[in-house]
Protein chains: 2
Amino acid sequence: MMSESIDNQKFPKLDGLPVDICIFTLATERRIELNENVDKRTLKSYPKRSLELLLVQRLHEPFQDKWALPGGFTDIETETLEQAAIRELKEETYPDAGSIGDGQVSNKIYLEQLSTYYRPDRDPRGKIPSVAFIALVNEELLSGLRAGGDAKQARLFQVNMEVQDKMLYKSEDGNTKIDEADFAFDHGKIIRDAIQFVQNKMLTTTIAVKLLPREFTISELHQVISAVVPTFTPSTSNFARDLVKTKSRDGMLEEVWDEQGNPKKSTIYSARPAQLYRFRNEFEPQVSIYPRV
Amino acid sequence: MMSESIDNQKFPKLDGLPVDICIFTLATERRIELNENVDKRTLKSYPKRSLELLLVQRLHEPFQDKWALPGGFTDIETETLEQAAIRELKEETYPDAGSIGDGQVSNKIYLEQLSTYYRPDRDPRGKIPSVAFIALVNEELLSGLRAGGDAKQARLFQVNMEVQDKMLYKSEDGNTKIDEADFAFDHGKIIRDAIQFVQNKMLTTTIAVKLLPREFTISELHQVISAVVPTFTPSTSNFARDLVKTKSRDGMLEEVWDEQGNPKKSTIYSARPAQLYRFRNEFEPQVSIYPRV
DNA sequence: TTAATAGTGTCTTTAAGACATTATTAA
DNA sequence: TTAATAATGTCTTAAAGACACTATTAA
């Protein structure tokens, strides 16, 4: 029993616990570049959105040159797992990512503990655990990184969800394509678990908000969900109508109005102005496979 | 970064990781005892079902006499977290609880990792982590324990879900009532998280199967769900009809037939025989707050 | 006009829920 | 008969989904 073991001092006090983070973002790529001499109507077509994951290439053995999740240690005496994850997140992304909270780091970052991995064969140097986190980070916070590969060889990889075996390939130049065999440790397994976790959260909670601007059109929300969950393919017109009109989703979204009290609209993706919405954070999603509740 | 820290041997190889388990069961209590001289019709009325949690009273400081989750260590070199959890589970419950699997320990036990807890103030002896698991155990496997308190002072506590602050009280004699202040470490917090986790799983997956006999009536399923989730209160007749007839739940349950090809029925809770069903494990529940998928 | 998305209208089917009614069995 | 649960039937409303159609804007 636990009490006996700890009381007998069998267990050494830890210096820290390893933390690895699956940092996801949703990349938005206009189908046609702005500087080209094209019809502005075509320019406004829906962008290509792809789920991307931040990986770092290992400099040393074991797994030298393999790709791994960014991670670190809870190395301060008073630091929690979440605080360590946020610290690492900041190192890899935006230095001003925000303060600490329970899955509510900032309105542009979602952070949640995924699971702890501790299979004896996961690290050739011995039995070392890893507490894995997932983070959804708004694209703009990773813009610095995307400008080019840095010293640590951190790169964003597009997640290819059609094939479940060969999962990832490089986004920027498309040259580096990697699959499960190119991952260090058990990070391939962690990443598979993380993608499933994020997909599930995307369909059962309102985390889509972390991948959207504060005010967005219904079609943007549609784009985000179907980029993360490829099987999500309702007709855009029914989706827009149902989202706002259906009773069980009352209070999920609210229309945005400007100072004059007129409906605030956006023409970012369309010639015809589209109504802007925002998520209301009072909304508590409820899902069940059984009737009622 | 993780690679640097581990390569520099800052992190000591662990002897083991502490594992704590929230072992839940669903106690079934006939409203009237069998030996009383009562109308057999009344005897067959629905039983009282209550979610119960296994706790052990601590013998030593810190938190002497406080109640804690049963737990232990991954103390064998090749042991995984799940294996350690199963080993502890067996110690506390049925010695023949079954083999190892991913949330599929046996058809009578559900086991899943909940989260890892590591706040610096959770243990007065220093920063010690705990990997928490939840287990749903069929009542019959805990029958030995229920016979009476043993040397380790392990007891089942009824979970009182109406009041969120004062959560638990003793089941058998009803004398020992405990609340958040009577828990060791941060186990009160772990237990609250665990209850929420189990309730969510109960509504979005088919884990109810672990708390039921292999063949059961629709009313038994109804009893199980509403015992774990008190807000679940559909009318029994609509529930029975919808469960079997609704297209989106096609393949979830199947009727049981006897050797002669007649519908197999049960009179355990009713004078009129009720159809027996079983869960089909091909069924993959799908839930979403958005239309489609 | 056309390309592209925004949004409405209509119709059908499925599901949820209220509620009444009938069925079954043993005492 | 009665107590208790099992099961069916009917009606209403809410959602989901298919699909046609109109609206808006800039080139």
Side-chain angles (χ1 to χ4, degrees), chain A residues 30-32 36-48 216-223 226 232-250 252-253 255 263-277 286-293, chain B residues 30-32 36-48 216-223 232-250 252-253 255-256 263-277 286-293:
Chain A
R30 309 296 308 220
R31 286 213 296 259
I32 287 161
E36 282 182 39
N37 185 18
V38 287
D39 193 335
K40 263 198 184 172
R41 293 171 300 185
T42 312
L43 192 89
K44 290 204 167 178
S45 59
Y46 290 145
K48 194 167 147 287
F216 53 87
T217 67
I218 299 288
S219 95
E220 285 181 286
L221 174 57
H222 188 281
Q223 288 165 44
S226 43
F232 180 83
T233 51
S235 94
T236 47
S237 61
N238 278 339
F239 178 72
R241 172 167 43 68
D242 293 348
L243 259 197
V244 183
K245 298 252 173 81
T246 300
K247 230 184 201 173
S248 66
R249 280 185 288 268
D250 249 9
M252 186 163 88
L253 299 180
E255 292 183 348
K264 199 167 165 191
K265 308 211 168 188
S266 156
T267 55
I268 185 166
Y269 295 129
S270 63
R272 176 173 174 178
Q275 179 64 49
L276 285 168
Y277 291 86
Q286 300 215 327
V287 286
S288 171
I289 59 171
Y290 300 107
R292 269 266 195 102
V293 168
Chain B
R30 309 294 309 219
R31 286 211 297 257
I32 288 162
E36 282 181 38
N37 185 19
V38 288
D39 193 335
K40 261 199 186 174
R41 293 171 298 182
T42 312
L43 192 90
K44 289 204 168 179
S45 58
Y46 290 145
K48 196 166 146 290
F216 53 87
T217 67
I218 299 288
S219 94
E220 285 181 285
L221 174 56
H222 188 281
Q223 288 166 43
F232 181 83
T233 52
S235 93
T236 47
S237 61
N238 279 339
F239 178 72
R241 173 169 40 70
D242 293 348
L243 256 199
V244 183
K245 298 253 172 80
T246 298
K247 229 182 199 175
S248 64
R249 280 185 288 268
D250 248 11
M252 186 163 88
L253 299 180
E255 291 182 350
V256 181
K264 199 167 166 191
K265 308 210 169 191
S266 156
T267 55
I268 185 165
Y269 295 129
S270 62
R272 175 173 174 178
Q275 178 63 49
L276 284 168
Y277 290 86
Q286 301 215 328
V287 286
S288 171
I289 59 171
Y290 301 107
R292 268 265 195 103
V293 168

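Every heavy atom of this structure was used, including side-chain atoms; hydrogens, water molecules and symmetry mates were not. Labels below follow one simple rule: chain letters A, B, ... track the order of the sequence lines, proteins then strands, and each chain is numbered from 1.
The nearest whole Å value for the distance from the CD1 atom in B:I218 to the C1' atom in D:dT5 is 14 Å. As rounded to whole Å, 15 Å separates atom C1' of D:dA7 from atom CG of B:L276. At whole-Å resolution of the value, CD in A:Q286 and C1' in C:dA16 are 16 Å apart. Counting to the nearest Å, the P atom of C:dA4 and the CD atom of A:E220 are 19 Å from each other. Rounded to an integer number of Å, the gap from CD of B:Q223 to C1' of D:dT5 is 11 Å. If you take CD1 of A:I289 and P of C:dA15, they are 15 Å apart, rounded to a whole angstrom. Atom OH of A:Y269 is separated from atom C1' of D:dT25 by 18 Å (rounded to the nearest Å). Note: CG (A:L253) to C1' (C:dG7) measures 16 Å, nearest angstrom.
Within residues 234-250 of chain A, the residues having any heavy atom under 4.0 Å from DNA chain C are, by residue number, A:S237, A:R241.
The side chain of A:Y46 contributes an N or O atom lying less than 4.0 Å from OP1 or OP2 of C:dA6. Proximity of A:S270 to the phosphate of D:dT25: no side-chain N or O atom is located under 4.0 Å from OP1 or OP2.
Residue contacts for A:S219: at a heavy-atom cut-off of 4.0 Å it reaches the sugar-phosphate backbone alone, with no base atom in range.
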Residues 268-276 of chain B, side-chain donor-acceptor partners within the protein, below 3.5 Å, at least two apart:
| from | atom 1 | to | atom 2 | distance (Å) |
| --- | --- | --- | --- | --- |
| B:Y269 | OH | B:R49 | NH2 | 3.3 |
| B:S270 | OG | B:R272 | O | 2.5 |
| B:Q275 | NE2 | B:V256 | O | 3.2 |
| B:Q275 | NE2 | B:K264 | O | 3.2 |

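Screening A:E220, A:E255, A:M252 for a side-chain contact (heavy atoms from CB on, under 4.5 Å) involving A:Y277 leaves a single residue, A:E255.
In this structure B:S235 satisfies the side-chain contact (heavy atoms from CB on, under 4.5 Å) test together with B:S237, B:N238, sequence neighbours excluded. Residues passing the side chain to side chain donor-acceptor pair (under 3.5 Å) test with B:R249, sequence neighbours excluded: B:T246. Take A:F239 and apply the ring-ring contact (aromatic ring centres under 6.0 Å, His included) test, not counting sequence neighbours, and it matches A:H222, A:F232.
Out of D:dT24, C:dT5, D:dA7, the shortest distance to the side chain of B:Q275 is found at D:dA7.
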Listing time: all N or O pairs from protein to nucleotides 21-23 of chain D that are below 3.5 Å?
| from | atom 1 | to | atom 2 | distance (Å) |
| --- | --- | --- | --- | --- |
| D:dA23 | O4' | A:R272 | NH1 | 3.4 |
| D:dA23 | N3 | A:R272 | NH1 | 2.8 |

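The heavy-atom pair separating A:P291 from B:P234 by the smallest distance is O-CG, 4.2 Å.
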